[in-house]
Amino acid sequence: MKENKKLLLIDGNSVAFRAFFALHQSLERFVNHNGLHTNAVYGFKTMLDNIIESVNPTHVLVAFDAGRKTFRNEKYADYKGGRAKTPTELSEQFPYVKKLLEAYGMKYYELQNYEADDIIGTLAKQGEEQDFETTIVTGDRDLTQLATEKTTVAVTQKGVTEVERYTPKHVEAKYGLSPAQIIDMKGLVGDNSDNYPGVAKVGEKTAIKLLKQFKSIEGIYENIDELKKSKMKEHLIEDKEIAFMCKDLARIRCDVPLEVELTDTVWNGSEHQKLVEFFQEMDFKRFLEKISAATQDDPAQKIIEDIKFTALTKDNVNQFNFDAEAVEGVSFYLEMMGDNYHTAPLVGFAFNVGTKYFASRDTELLKYPNLRKLLENENIDVDLFDGKRTFVGLNRLGIHLTDIRFDLLLVSYLLDTSDNSNDLGKLAQQHDYTEVLEDEQVYGKGAKIKIPENDAEYYSHLCNKVRTIKKLRTPLMKKLETNKQEELYIKIERPLAIVLAEMEIDGITVDTQRLEEMGSEFKERISEIKQTIYQEAGEKFNLNSPKQLGVILFEKMKLPVIKKTKTGYSTAVSVLEKLRGMAPIIDNILKYRQIAKIQSTYIEGLLKVTFEKDSKVHTRYTQTLTSTGRLSSVDPNLQNIPIRLAEGKKIRQAFIPQKTGWQIFSSDYSQIELRVLAHISHDANMQKAFAEGQDIHANTAMNIFELDSPADVTSNMRRQAKAVNFGIVYGISDYGLAQNIGITRKQAKLFIEKYFKIFPGVKEYMEKIVISAREKGYVETLFKRRRYLPDISSRNYNIRSFAERTAMNTPIQGSAADIIKVAMINMQKMLKEKKLEARMLLQVHDELIFEAPSKEIPILEEVVPQVMDAAVSLDIPLKVESSYGKTWFDAK
DNA sequence: GCTTTCACG
DNA sequence: ACGTACGTGAAAGCC
């Protein structure tokens with residue numbers, strides 16, 4: 001049996017250097033609680049993970065330089081002379097790089113009088129003899145001289161995670177030389193950083209030319225007479241000794257007397273406990289999460305302090321009485337089996353009062369007055385995780401939750417909108433609290449998901465959740481305060497959760513009969529179009545498969561390929577539109593796609609989620625997901641019901657009021673994002689346009705097309721100007737704009753330049769927000785919602801550009817989201833105060849949708865715009881437009 | 001589970 | 001030169 005022995009040799013100093021300078025810009029962000037810089041350790045660790053994954057080594061050794069002086073200094077006193085001193089921020093990290101290696105269970109080694117290179121060279125040679133497959137990782141190209149058929153030299157690129165792999169073939173392709181000739185090249189060229197000179201005036205190009213001709217330095221000097229008289233020849237002759245000396249310096253030793261053998265470098269993986277401790281010492285939170293996730297199938301590894309709790313049953317529940325005066329607050333958790341809290345079985349609860357914990361599987365017990373009081377009494381503060389979910393769940397039991405104080409999920413989201421885990425355990429870890437397991441660890445996942453039968457196991461998990469809520473309240477509220485986000489939480493998000501819960505519980509009525517009618521109509525049309533397409537294609541295939549469609553269009557019919565995806569041909573609408581007219585099949589495919597989408601997503605999809613008992617859909621608004629602060633809507637998504645195309649728009653006819661004689665009423669903010677932009681950018685021109693009630697897109701068109709009168713604006717100009725306005729909001733790029741409205745990039749660039757000339761305040765805002773994001777690491781909305789943008793300093797152009805556009809867009813999109821949230825809270829309050837029967841049912845980002853008895857319509861027409869207008873006071877007015885009708889379709 | 005496509009603001 | 005519009009969710013195919 002032949003073993004697959006894989007040896008990994010790492011040049012520790014060189015990689016640590018690379019890591020340090022790769023993350024140099026973020027130096028001050030990588031500081032642990034003891035003030036130690038950790039960027040090089042971090043980079044080193046990232047590199048290790050990457051290389052382990054790709055190499056999967058059986059043996060590992062990391063070599064370090066032992067000191068400044070080596071045998072090379074005896075040969076050449078100035079070797080590595082004049083080198084700048086290693087920055088202390090880096091040198092202080094070397095002991096920790098070694099500690100990291102210990103935690104990884106990796107051998108490291110250094111040897112007096114030799115460099116890391118020589119250790120690596122020697123072991124690589126031994127590896128060669130013992131039939132190892134070897135990978136050398138370094139930041140130093142000199143080591144490419146070690147490349148052989150069985151030894152690859154991976155040289156780190158700009159960062160440390162990307163490497164360039166030098167096999168003999170790759171060396172040949174890159175330099176036209178063999179690995180051994182690298183030594184000759186170094187001899188001729190010299191090395192600035194190692195401070196040896198080489199032959200005067202000979203650089204890489206010349207050296208390669210010479211070596212191609214003469215093979216080696218020895219070869220050059222044996223045949224030196226063949227060279228024509230030239231300056232170069234003179235230099236070569238003059239520096240002959242230097243050349244041989246430098247070659248000797250450049251040659252990595254492969255015969256160093258080591259005290260380690262390859263058998264000492266066997267690698268058996270990392271040591272979990274050491275890793276945890278080390279990451280804690282370094283404050284590497286993300287890595288801690290990762291390793292705890294990796295070991296989650298072994299919950300026994302995690303030792304959590306036991307909580308004493310009382311299991312509640314029908315028989316003992318009445319023994320406990322909680323004096324409302326004495327109860328300062330209660331942390332409460334309601335467990336359900338499944339995501340959809342409108343229907344998920346209620347399978348348990350737990351809470352604490354003071355130091356006492358209680359738990360039960362029987363949620364009916366909550367109806368007992370002594371427990372009910374804890375949740376319904378206005379003098380008792382309730383702390384929980386996901387208030388909206390809990391509110392809806394309790395509502396199913398007829399319990400009406402009041403006075404939520406702390407919502408762990410919501411607060412955590414506000415502190416960092418990119419931390420949007422829904423699992424209490426995961427989320428707690430992000431706040432350094434680890435005394436609770438993730439649901440997956442206790443309940444399992446997929447088909448095997450189930451509540452533990454063992455009471456002790458189940459109840460302690462529930463009680464741990466309660467304790468987590470209790471423990472995290474004070475520190476997280478403090479963080480909110482530091483960020484000045486208390487108002488955002490208390491005035492907006494917390495009350496909004498209840499408003500959303502009420503909207504979800506109400507639901508919106510669906511005319512299922514209408515949907516089914518439309519369904520059978522579409523079904524026929526789909527099968528007709530399908531037949532035509534099969535005929536035109538000359539065969540049957542699965543039209544829903546882009547892969548099969550691609551074969552038909554681009555291979556069989558030989559239509560030109562416009563765009564490719566990762567996996568094959570793109571058949572997206574933008575592509576098909578370009579193919580239009582080249583074959584009749586294209587139009588039919590477009591039509592098919594359009595109708596099939598309506599059928600599957602909106603007709604069948606909607607029918608699937610309509611509740612039979614009330615013929616309603618009860619969406620769930622995700623309040624803690626988007627990174628900008630918008631809501632999203634699931635099960636079903638009611639925020640993407642068709643409207644742009646006539647056929648899809650008909651779906652809206654199926655959304656009707658719950659009672660006959662009622663109406664659907666809708667109000668939307670007109671151009672709220674551009675108004676927000678006008679406000680936060682303080683751009684005088686844009687503000688003026690809005691203050692005067694101008695058509696902003698026409699106004700923009702006049703300006704960028706340099707027209708004198710609004711009458712000269714054609715509809716096409718307005719359309720293009722509108723696209724420019726949208727582009728601005730998204731963080732414009734000429735490419736994106738060009739793509740969107742089908743003009744050249746040059747034209748797009750001109751448009752943008754003109755735009756910024758007309759609206760210089762906008763330009764200034766865009767520049768400032770990016771700089772501010774770079775300095776602070778985050779951007780904020782009007783109401784201090786925060787989004788962190790770690791990528792804003794990335795060295796990768798694409799990643800950085802994306803972060804920059806995000807920096808421009810998030811305050812705009814996010815502030816608009818803030819505003820409508822305020823309006824929703826005030827609106828719900830208003831409906832209650834005025835004792836209206838009208839119900840607020842849906843929110844679609846800039847639009848609120850109600851149902852109401854006809855007689856209340858005039859009231860809504862007045863009140864809704866008023867409330868929406870007054871949600872915030874900007875430098876310019878907001879504008880709200882309303883309409884109504886007997887279905888959602890008609891309310892437009 | 002991932003990819004592609006397409007619906008919305 | 002690089003190669004992108006911002007934010008979402010659902011269905012279907014495919015492995």
Side-chain angles (χ1 to χ4, degrees), chain A residues 417-418 420 445-446 541-550 563-576 589-590 592-606 608-609 619-622 625-645 647-649 651-652 668-674 677 723-741 745 748 752 779 787 795-814 816-817 820 842-848:
Chain A
T417 49
S418 39
N420 43 23
K445 66 172 171 180
F541 63 99
N542 188 344
L543 246 175
N544 289 325
S545 162
K547 198 177 165 190
Q548 294 185 33
L549 180 61
K563 204 169 94 184
K564 285 206 160 196
T565 65
K566 264 184 256 177
T567 53
Y569 313 109
S570 170
T571 66
V573 169
S574 62
V575 171
L576 296 184
I589 291 166
L590 284 165
Y592 171 85
R593 283 255 178 95
Q594 196 194 331
I595 297 175
K597 171 83 178 176
I598 299 170
Q599 183 79 315
S600 65
T601 306
Y602 296 105
I603 293 182
E604 287 164 7
L606 225 38
K608 253 186 258 172
V609 292
T619 187
R620 296 183 330 271
Y621 290 101
T622 327
L625 181 140
T626 70
S627 28
T628 55
R630 275 190 175 182
L631 301 174
S632 83
S633 158
V634 291
D635 245 7
N637 180 357
L638 293 179
Q639 292 181 319
N640 72 346
I641 302 300
I643 190 165
R644 289 171 194 170
L645 299 171
E647 292 192 279
K649 191 173 174 182
I651 293 293
R652 294 180 173 228
D668 67 279
Y669 284 113
S670 163
Q671 280 131 16
I672 187 163
E673 292 191 343
L674 281 176
L677 173 61
V724 177
N725 278 324
F726 272 107
I728 291 289
V729 168
Y730 294 151
I732 201 152
S733 74
D734 48 11
Y735 182 94
L737 179 64
Q739 184 99 6
N740 191 287
I741 52 176
R745 232 173 108 171
I752 294 166
V779 289
R787 179 175 186 178
R795 262 88 46 218
N796 179 317
Y797 175 88
N798 281 325
I799 294 174
R800 185 178 62 251
S801 299
F802 185 60
E804 286 170 358
R805 291 196 295 273
T806 312
M808 302 181 218
N809 172 264
T810 295
I812 303 171
Q813 189 182 117
I820 196 166
L842 306 174
Q843 188 252 43
V844 191
H845 309 306
D846 61 358
E847 180 184 15
L848 294 177

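The basis for the numbers below is simple: all heavy atoms, side chains too, and nothing from hydrogens, waters or symmetry mates. Because the structure is a prediction, the values reported are computed rather than measured. Chain identifiers are assigned alphabetically (A, B, ...) following the order of the sequence lines, protein sequences preceding nucleic acid strands; residue numbering begins at 1 within each chain.
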Within residues 796-807 of chain A, residues whose heavy atoms come under 4.0 Å of DNA chain C: A:Y797, A:N798, A:F802, A:R805, A:T806
B:dC8 phosphate, OP1 or OP2: any side-chain N/O from A:R630 under 4.0 angstrom? no
Using a 4.0 Å cut-off on protein heavy atoms (strictly under), produce a 5'-to-3' string for nucleotides 9-15 of chain C with B for base contact, S for backbone-only sugar-phosphate contact, and - for none. BSSSSSS
Which part of the nucleic acid, if any, lies within contact of A:R787, taking any heavy atom under 4.0 Å across all strands shown: a base, the sugar-phosphate backbone alone, or nothing? sugar-phosphate
Heavy atoms under 4.0 Å, any strand shown: does A:V844 hit a base, just sugar-phosphate, or nothing? sugar-phosphate
Side-chain atoms of A:H845 come closest, of C:dA5, C:dG7, B:dC6, to C:dG7
For a quick check of understanding: with a heavy-atom distance under 4.0 Å over all strands, which category does A:I641 fall into, base, sugar-phosphate or nothing? sugar-phosphate
Within less than 4.0 Å of OP1 or OP2 of B:dT4, is there a side-chain N or O belonging to A:T567? yes
In dot-bracket notation, what is the pairing pattern of DNA chain C, taking Watson-Crick (N1-N3 plus N6-O4 or O6-N4) and G-U wobble (N1-O2 and O6-N3) contacts under 3.5 Å, with [ ] crossing and | for other strands? .....|||||||||.
Whole-Å gap separating C1' (C:dC6) and OH (A:Y730): 6 Å
Look at the side chain of A:Q813 and decide which nucleotide, out of B:dC8, C:dG7, C:dT4, has an atom nearest to it. C:dG7
Side chain A:T571, main chain A:P546, donor-acceptor under 3.5 Å: no
